[in-house]
Amino acid sequence: MDLYQSTVDYLLSFPIFDAWREMRAILLRIAAGHPRDWQLPIVACQAVGAPAEKAIPASAALACAQIGIILVDDMLDDDPRGEYHRIGSGRAANFALAFQAAGLEALMGSKANSSVKWEALNSLRHMMLTTAYGQELDVQNPGDETSYWRVVENKSGPFFGSAIHLGALLGEAPINTADKLKKLGNLYGEMIQIYDDLNDTMAVPANPDWLQKRKPLPILFALSVNHSERAKFEELYNRISAGNALHEAQEILIRCGALSYCVDQLLRRHQAAQDILNETPLFNRAGVDSLLKEVIAPVWRLFETLGLSPEVPSTIAAPLNQE
Amino acid sequence: MNTMKDFYALLSSPKPRGSYVEALSEITRINREQAKTLMGDLWWQDWSAQEQATAAQGM
């Protein structure tokens, strides 16, 4: 089964995509990029012992929700790649509304029984509402650790939690199993956010996060912790476009422990997700296992380049629930 | 919540050989090139980049 073709075919069976050709064009354009997130409901569905086909309405719902979220996110972030540059903010917002509703329609159209459908709709509703709240918190540019993690818990975790949850629900998993997989998905999403922050911080030339004086995790660490180069870092942060400032600031991030802290947070979440997986009875856990292995792989690769055994970090990182 | 300051205190204190914290402290000595190893595989940004590419091709 071609997941992307099946997801697109399923969505195109709804009349709105015939009537509204530009909405159809956006969907086709995004699907052509084979977004990997769309696989998550399939992985969860297969993990609970159901065939992949059962999760197609979940993938379709997730795809629509994601398109809606990013149409808005690009406007909130002034992202130069955003669709709103081409069609204007008002129309982009209207497309976002349409895709959100199409996501609900995708679940309504599934062949699942009404109780499964209700649970799935509730999961999608909760994710969309929480993500919107997280986006609003994010635009306030959180300046301390508590606020930062509140944004991550609302903006980044729920999307991935719901992606996995929807697949498990449509696969008719017991509610308890689906809930555990959702928690695992939330942790997975938080890890994706930490990587995203690392990338935004270490990219060359300076990412908009630097230019807009935002505080992704490594920068927040360097501005919050009382390390010996903090004053210098603040000075560079305030003139990041000048000369060698980005280069110097990135080197301070490494030396002050900001990247080490991010790795610690990645390992803790990975360990917590692995613990959930180990205690969740699944028909086939290989797909979920692979997801967790892939998401921590960059950390293992770094440890390998440093000649460190992955066993040290993997055995000693305390899971989040023990803090 | 104070995990950053707690972590920094741990990183700044003597570290038992072969410990978890010692492994993490090794990261403070990497260079910017090695740091790229941590960039990961950014699923979240995949489609936006793809969208830009296809838009540029006039699709």
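First the proteins, then the strands, lettered A, B, ... as listed; each starts at 1. A quick note: this is a predicted structure, and the numbers were derived from the prediction, not measured.
No side-chain N or O of B:Y8 forms a donor-acceptor pair with one of A:S224 less than 3.5 Å apart.
Annotation: side chain to side chain contact (heavy atoms under 4.5 Å, CB included) contacts of A:K293 (sequence neighbours excluded): A:D289.
Side-chain contact check for A:L306 versus B:Q34: some heavy-atom pair is nearer than 4.5 Å. The closest side-chain heavy-atom distance from B:R32 to A:E251 is below 4.5 Å. Between A:Q265 and B:T3 the shortest side-chain heavy-atom distance falls below 4.5 Å.
Heavy-atom distances place the backbone of A:S228, and not its side chain, under 4.5 Å from chain B. Contacts of B:I30 with chain A are made by both backbone and side-chain atoms, with heavy-atom separations under 4.5 Å. Neither the backbone nor the side chain of A:D144 comes within contact range of chain B; no heavy atom of the residue lies under 4.5 Å from a heavy atom of that chain. The parts of A:L217 that come within reach of chain B are both its backbone and its side chain, each placing non-hydrogen atoms under 4.5 angstrom from that chain. Residue contact with chain B, scored on non-hydrogen atoms closer than 4.5 Å, involves the side chain of A:V204 exclusively. Both the backbone and the side chain of A:L220 come within contact range of chain B, judged by heavy atoms closer than 4.5 Å. In this structure, chain B has a heavy atom under 4.5 Å from the backbone of A:C256, while its side chain stays farther away.
Note on A:Q250, A:H247, A:H227: by heavy-atom pairs under 4.5 Å with chain B, the leading option is A:H247.
The heavy-atom pair separating A:S260 from B:T28 by the smallest distance is OG-CG2, 3.5 Å.
B:T37 places no side-chain N or O within donor-acceptor distance of the main-chain N or O of A:P298, the cut-off being under 3.5 Å.
In this structure, B:E26 CD and A:T305 OG1 are separated by 10.5 Å, a value rounded to the nearest 0.5 Å. Between the CD1 atom of A:I254 and the CD1 atom of B:I27 there is a distance of 10.5 Å, given to the nearest 0.5 Å. Summarising the geometry, atom CZ belonging to A:R255 is positioned 12.5 Å from atom CZ belonging to B:R29; distances are rounded to the nearest 0.5 Å. Considering CG of A:L302 and CG of B:L38, their distance stands at 4.5 Å, rounded to 0.5 Å.
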Report task. Under the side chain to side chain contact (heavy atoms under 4.5 Å, CB included) rule, what do B:L11 and A:Y261 come out as? Steps first, then yes or no, please. Result -> CA-CA 9 Å; B:L11 209 59; A:Y261 173 75; over 6 Å; no
- Message: Between A:D264 and B:Y20, is the side chain to side chain contact (heavy atoms under 4.5 Å, CB included) condition met? List the steps.
- Response: CA-CA 9 Å; A:D264 176 52; B:Y20 174 62; 2.5 Å; yes
